[in-house]
2 protein chains.
Amino acid sequence: MDHLPNMRLTTQRQIILEELAKVTSHPTANEVYDMVRRRLPRIGLGTVYRNLELMADSGVILKIEVGGTQKRFDATIYPHYHIRCSACGKVDDIDIPVQLHINEAATAASSYEILGHHIEFSGVCQACQKKDKESAVN
Amino acid sequence: MDHLPNMRLTTQRQIILEELAKVTSHPTANEVYDMVRRRLPRIGLGTVYRNLELMADSGVILKIEVGGTQKRFDATIYPHYHIRCSACGKVDDIDIPVQLHINEAATAASSYEILGHHIEFSGVCQACQKKDKESAVN
DNA sequence: GAAAAACTGATAAGCTTTATTAATTGGCAT
DNA sequence: ATGCCAATTAATAAAGCTTATCAGTTTTTC
């Protein structure tokens, strides 16, 4: 949120961003760490955490805090919603129109100063639907 | 989600539910633990976690997984949305109409089997708005 | 009333995230 | 180019939240 005074463009930062931009899954910090480590084997996990957090604060990437215990990150920063598989925990984008009007409804209904909203759908992904059918046969 | 074979109504379970029903905040497991411990000083934290999880699975209470790292619980189980203060992390209910239509939109837009959705607003609560103004004077 | 099942409390273990610190690096002004 | 200094890094420890384990207890069932 704040101004970022002298944010250096380090190798680590560049590669973290590049790797995150490669995928459309919404990796956790640890998953990003695994991806980046293939190119920078000596990078520390703390560096990945720190930079993901910094980049999210500066708006370069998106931090997604949905169901489940872990934070996830996304290089796609335009407003969009997510769906999370209740079976395997996978998170995908879901392409429905952004519901601008509900922020106004929220402003009217609450004493908070509204900053925004996020919608998270829950469902069962195709892979897990298949698994369910198979195990139902037993 | 599953059938719950012989779920006993233990003292611990009753008191956890009673204490949760007393508040409209959305306490974390640890906060529930603190509340319950005033009446059952020897209860274990694991028991609180286990029972909150069980009751959420059986639909008696609601498990809320919003921004922030901790799970929160709510004795109010009718569908409603939440707002989270980005400054202090407090979670409140927000009373706007449930957006039934977006589940259909999601079904059309995705290969997932849609189970439901949740909307989380982010904002600044009144207490934190005051604090902001005070510190802005400095 | 005995056997089976569910549950508890205590504790340990697991996993994610944050903090600490000495060493290194990138950017800027000489 | 060179040197300086703040920002950054890697490594590690520490912290925080949640889940697993298990012996002992309570409840149910027959």
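Naming convention: chains lettered A, B, ... in sequence-line order (proteins, then strands); numbering from 1 in each chain.
For the pair I119(A)/Q99(B), no side-chain contact is recorded, criterion being any heavy-atom separation below 4.5 Å from C-beta on. Contact of the V32(B) side chain with the I16(B) side chain is registered, since non-hydrogen atoms from C-beta on lie closer than 4.5 Å. In this structure, the side chains of I15(B) and E19(B) come closer than 4.5 Å at one or more pairs of heavy atoms.
Comparing R8(A) and T47(A) along DNA chain D, the residue whose closest nucleotide (by nearest heavy atom) sits nearer the 5' end is R8(A). Judged by closest nucleotide on DNA chain C, R13(B) is the one of R13(B) and R42(B) placed further toward the 5' end. Nearest-nucleotide mapping onto DNA chain D: of T10(B) and T28(B), the residue sitting toward the 5' end is T28(B). Comparing L45(B) and T11(B) against DNA chain C, the residue whose closest nucleotide sits nearer the 5' end is T11(B).
For Y49(B) and dT19(D), the shortest distance from a side-chain N or O to OP1 or OP2 is not below 4.0 Å.
Here dC7(C) presents its P atom at 14 Å from CD of Q14(B), a figure rounded to the nearest Å. Taking atom NZ of K71(B) as the reference point, atom C1' of dT17(C) lies 16 Å away to the nearest angstrom. Per the geometry, CZ belonging to R72(B) stands 10 Å off P belonging to dT18(D), to the nearest Å. Spacing between atom CD1 of I15(A) and atom P of dT9(D) amounts to 12 Å, rounded to whole angstrom units. In this structure, the CD atom of Q12(A) is 8 Å from the C1' atom of dT8(D), given to the nearest Å. Between the CZ atom of F73(A) and the P atom of dT17(C) there is a distance of 7 Å, given to the nearest Å. Between R50(B) atom CZ and dT8(C) atom P there is a gap of 5 Å when expressed in whole angstrom units. At whole-Å resolution of the value, CG in D57(B) and C1' in dT18(D) are 15 Å apart.
Proximity note for I43(B) (side chain, C-beta onward) versus dG27(C), dG9(C), dC17(D): the nearest is dG9(C).
As judged by a 4.0 angstrom heavy-atom cut-off over every strand, N30(B) is placed among residues making no nucleic acid contact.
Aromatic ring pairs are classed by plane angle as parallel below 30°, tilted from 30° to 60° and perpendicular above 60°; the pair H82(A) and H26(A) is perpendicular.
Remark: R72(B) does not engage D74(B) in a salt bridge, criterion side-chain N to carboxylate O under 4.0 Å.
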